[in-house]
Amino acid sequence: MQKNSKIYVAGHRGMVGSAIVRELKRQGYQNLIFKTHAELDLTRQEAVEAFFETEKPEYVFLAAAKVGGIAANSAALADFMYQNMTLEMNVIHAAWQNGVKKLEFLGSSCIYPRLAPQPMPESCLLTSSLEPTNEAYALAKISGLKYCEYLNRQYGTDYISVMPTNLYGPNDNYHPEHSHVLPAMIRRFHEAKVAESESVTCWGDGSALREFLYVDDLAELCVFLMNNYSGNETVNAGTGKELTIRELAETVADVVGYKGAILWDASRPNGTPRKLLDVSKATQLGWTYKTELKKGIQLAYEDFIKNGNSNRVQ
């Protein structure tokens, strides 16, 4: 990409998209295109095609998605599949129709099998069954990355995909029911601290292992890959480090300053037992994460305090 290349970031107001925008601006890219959902509904094919025909972006970061944690995914399987698959296909297809030079598709590590080898290499995709609680979202993301691969193979496009581990950071979603585990804990422990609650109850038994990547580190990788990688196989984005959900809860409580007891509701689902990415491919390409987890949680908590009254928290 040249500094004056016309770059469209789909989903620029979300956590990932806004981080990509910050990174592009930091690196001096100036010709950026954004559209809010009110201005452009990516699930409407005619609207997406008209936008691409008018704007003719040269590069596309596809970070738009309907996202949520276990509760949100389980409650709205059809919605997660339809909305994600529709917007992905619309954007990728319109990019191909209008000669976009390069497109980068953002997926999720939930695309890998529930009982994948650990750490999970890119090559384990579609080797066994998915985690049922987010299967619909995973199928949509697999379809997006495969469509990019098939366009490359059939038409010689240069479309790539990135599969991040669990993300957190500025502009995260802190909704009490629809958020992911780390932002949900930040909100829960903060509210417990303010209310001087004696205890906080978390889902599951705390044994599940998870990996977390600070979103600005992902954004740096996304721009790096757009400039330095071409290939049909996706690229994992993570730290290569994991901890239990119990350890995560203790770390968040420490950062927030909550001193009460942490209880566990084992009747609630743990989700996938373990989900560690093999990040050797990204490392070999020349990228590694920068932000350690506790420091990242501190930055995320500062963002939560600063933006705690936004509609993403209600």
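The shown structure was predicted, so the numbers you read here are calculated from the model rather than taken from an experiment. Atoms considered below: every heavy atom in the structure, side chains included; atoms not considered: hydrogens, waters and symmetry mates. All residue numbers in this chain count up from 1 along the given sequence.
In this structure a side-chain-to-backbone donor-acceptor pair under 3.5 Å is present from Thr239 to Lys241. In this structure, Glu211 contributes its side chain and Gly240 its backbone to a donor-acceptor pair below 3.5 Å. Asn84 contributes no side-chain N or O that, together with a main-chain N or O of Tyr137, makes up a donor-acceptor pair within less than 3.5 Å. A donor-acceptor distance shorter than 3.5 angstrom exists from the side chain of Asn270 to the backbone of Asp205, with no hydrogens or angles considered. The backbone N or O of Leu276 lies less than 3.5 Å from a partner atom in the side chain of Gln118, making a donor-acceptor pair. Ser197 places no side-chain N or O within 3.5 Å of a backbone atom of Ser199 that could act as its donor or acceptor partner. Between the side chain of Thr127 and the backbone N or O of Cys124 there is at least one donor-acceptor pair closer than 3.5 Å. Using modelled atom types, one side-chain atom of Asp217 and one backbone atom of Thr291 make a donor-acceptor pair closer than 3.5 Å. The backbone N or O of Met15 lies less than 3.5 Å from a partner atom in the side chain of Ser18, making a donor-acceptor pair. With hydrogens and angles ignored, the 3.5 Å screen pairs a side-chain donor or acceptor of Arg188 with a backbone N or O of Thr201.
Residues Val223 and Gln27 meet the side-chain proximity criterion, which asks for heavy atoms closer than 4.5 Å. Between Ser108 and Leu167 there is no side-chain heavy-atom pair separated by less than 4.5 Å. A 4.5 Å side-chain heavy-atom check between Leu40 and Thr36 finds every atom pair outside the cut-off. Val181 is listed as a side-chain neighbour of Phe212, based on a closest heavy-atom distance under 4.5 Å. Annotation: side chain of His180 is not in contact with side chain of Tyr168 (no heavy-atom distance under 4.5 Å). Put simply, the side chain of Phe189 reaches to within 4.5 Å of the side chain of Met185, judged on heavy atoms. By the 4.5 Å heavy-atom criterion applied to side chains, Gln30 and Lys3 are not counted as neighbours. The side-chain heavy atoms of Ile297 and Thr251, taken from C-beta on, include a pair separated by under 4.5 Å.
Heavy-atom neighbours of Gln2 CD from other residues, nucleotides or ligands within 6.0 Å: at or below the threshold of 12.
If you look at Phe304 and His190, their ring centroids are closer than 6.0 Å. Between Tyr289 and Tyr214, the ring center distance fails the sub-6.0 Å criterion.
Taking the charged nitrogens against the carboxylate oxygens, Arg246 and Glu250 have no contact shorter than 4.0 Å, which rules out a salt bridge. A salt bridge links Arg268 and Asp265; the closest N-O separation between the charged side-chain nitrogens and carboxylate oxygens is under 4.0 Å. A salt bridge links Glu55 with Lys6: the distance from a Lys NZ or Arg NE/NH1/NH2 to an Asp or Glu carboxylate oxygen falls below 4.0 Å. A salt bridge links Lys294 and Asp254; the closest N-O separation between the charged side-chain nitrogens and carboxylate oxygens is under 4.0 Å. With salt bridges taken as basic N to acidic carboxylate O contacts below 4.0 Å, none links Glu292 and Lys295.
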request  = Apply side chain to side chain contact (heavy atoms under 4.5 Å, CB included) to Leu182 and Leu293, showing your working.
outcome  = CA-CA 11 Å; Leu182 202 159; Leu293 182 61; 4.2 Å; yes
task = May I have the step-by-step check of side chain to side chain contact (heavy atoms under 4.5 Å, CB included) for Met226 and Met1, ending in yes or no?
result = CA-CA 8 Å; Met226 188 68 99; Met1 296 184 295; 3.6 Å; yes
request  = Please test Lys101 against Glu58 for salt bridge (Lys or Arg N to Asp or Glu O under 4.0 Å), starting from the C-alpha separation and ending with a verdict.
outcome  = CA-CA 5 Å; Lys101 291 179 180 178; Glu58 298 172 84; 3.0 Å; yes
query = Would Phe105 and Tyr147 count as a ring pair (Phe, Tyr, Trp, His ring centres under 6.0 Å) if you check the C-alpha gap in whole Å, the side-chain angles of each, and the deciding distance to 0.1 Å?
reply = CA-CA 10 Å; Phe105 174 71; Tyr147 188 45; 9.9 Å; no
request  = Let me see the working for Ile92 and Leu151 under side chain to side chain contact (heavy atoms under 4.5 Å, CB included), right down to the final yes or no.
outcome  = CA-CA 9 Å; Ile92 297 167; Leu151 285 170; 3.5 Å; yes
key: Trace of the side chain to side chain contact (heavy atoms under 4.5 Å, CB included) decision for Val252 with Ile186   = CA-CA 6 Å; Val252 173; Ile186 288 176; 4.0 Å; yes
ask   = Going through the distances and angles, do Lys275 and Glu242 end up as a salt bridge (Lys or Arg N to Asp or Glu O under 4.0 Å)?
value = CA-CA 8 Å; Lys275 217 169 65 164; Glu242 61 186 343; over 6 Å; no
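Note on Tyr82 and Val48: separate hydrophobic clusters, where clusters join Ile, Leu, Val, Met, Phe, Trp and Tyr whose side-chain heavy atoms are under 4.5 Å apart, directly or indirectly. Neither Leu209 nor Ile262 shares a network with the other; the hydrophobic side chains, linked directly or stepwise wherever heavy atoms of I, L, V, M, F, W or Y lie under 4.5 Å apart, form separate groups for each. Under a hydrophobic clustering in which Ile, Leu, Val, Met, Phe, Trp and Tyr are joined whenever their side-chain heavy atoms come within less than 4.5 Å, directly or via other members, Trp203 and Leu263 fall into different clusters. Follow the hydrophobic side-chain contacts under 4.5 Å out from Phe52 and you reach Ile33 in the same cluster. Under a hydrophobic clustering in which Ile, Leu, Val, Met, Phe, Trp and Tyr are joined whenever their side-chain heavy atoms come within less than 4.5 Å, directly or via other members, Leu130 and Leu115 fall into different clusters.
The CZ atom of Phe61 lies 9.0 Å from the CG atom of Leu32; values are rounded to the nearest 0.5 Å. With values rounded to the nearest 0.5 angstrom, Phe51 atom CZ is found 10.0 Å from Asn98 atom CG. To the nearest 0.5 Å, atom CG of residue Leu126 and atom OG of residue Ser129 are 11.5 Å apart. Note that the OH atom of Tyr258 and the CD atom of Glu196 stand 10.5 Å from one another [nearest 0.5 Å]. Considering NZ of Lys290 and CG of Leu213, their distance stands at 12.5 Å, rounded to 0.5 Å.
Among pairs with a residue in residues 148-160, those fulfilling salt bridge (charged side-chain N to carboxylate O under 4.0 Å, His left out) read Lys102-Asp158, Lys146-Glu149, Glu149-Arg153, at least two apart in sequence or across chains. Residues in residues 12-47 take part in these ring-ring contact (aromatic ring centres under 6.0 Å, His included) pairs, two or more places apart or across chains: His12-Phe34.
Shortest non-hydrogen contact noted between Lys193 and Val256 is NZ-O, 2.9 Å. Looking at every heavy atom in both residues, Leu277 comes nearest to Tyr112 through CD2-CE1, 3.6 Å. In this structure, Ser161 and Leu145 approach most closely via the heavy-atom pair OG-CB, 3.8 Å. Looking at every heavy atom in both residues, Gly206 comes nearest to Thr244 through O-CB, 3.4 Å. The two atoms that bring Lys141 and Gly107 nearest to each other are CD-CA, 3.7 Å, heavy atoms only. The two residues Lys35 and Tyr8 make their nearest non-hydrogen contact at N-CE1, 4.5 Å.
Checking Gln298 against Glu302 by side-chain atom types alone, no donor-acceptor pair falls below 3.5 Å. Side chains of Asn236 and Lys281: no donor on one and acceptor on the other come within 3.5 Å. A donor atom on one side chain and an acceptor atom on the other are found under 3.5 Å apart for Asn232 and Asn152.
When the side-chain hydrogen bond (donor to acceptor under 3.5 Å, both in side chains) test is applied to Asn166, no partner is found at least two apart in sequence or on another chain.
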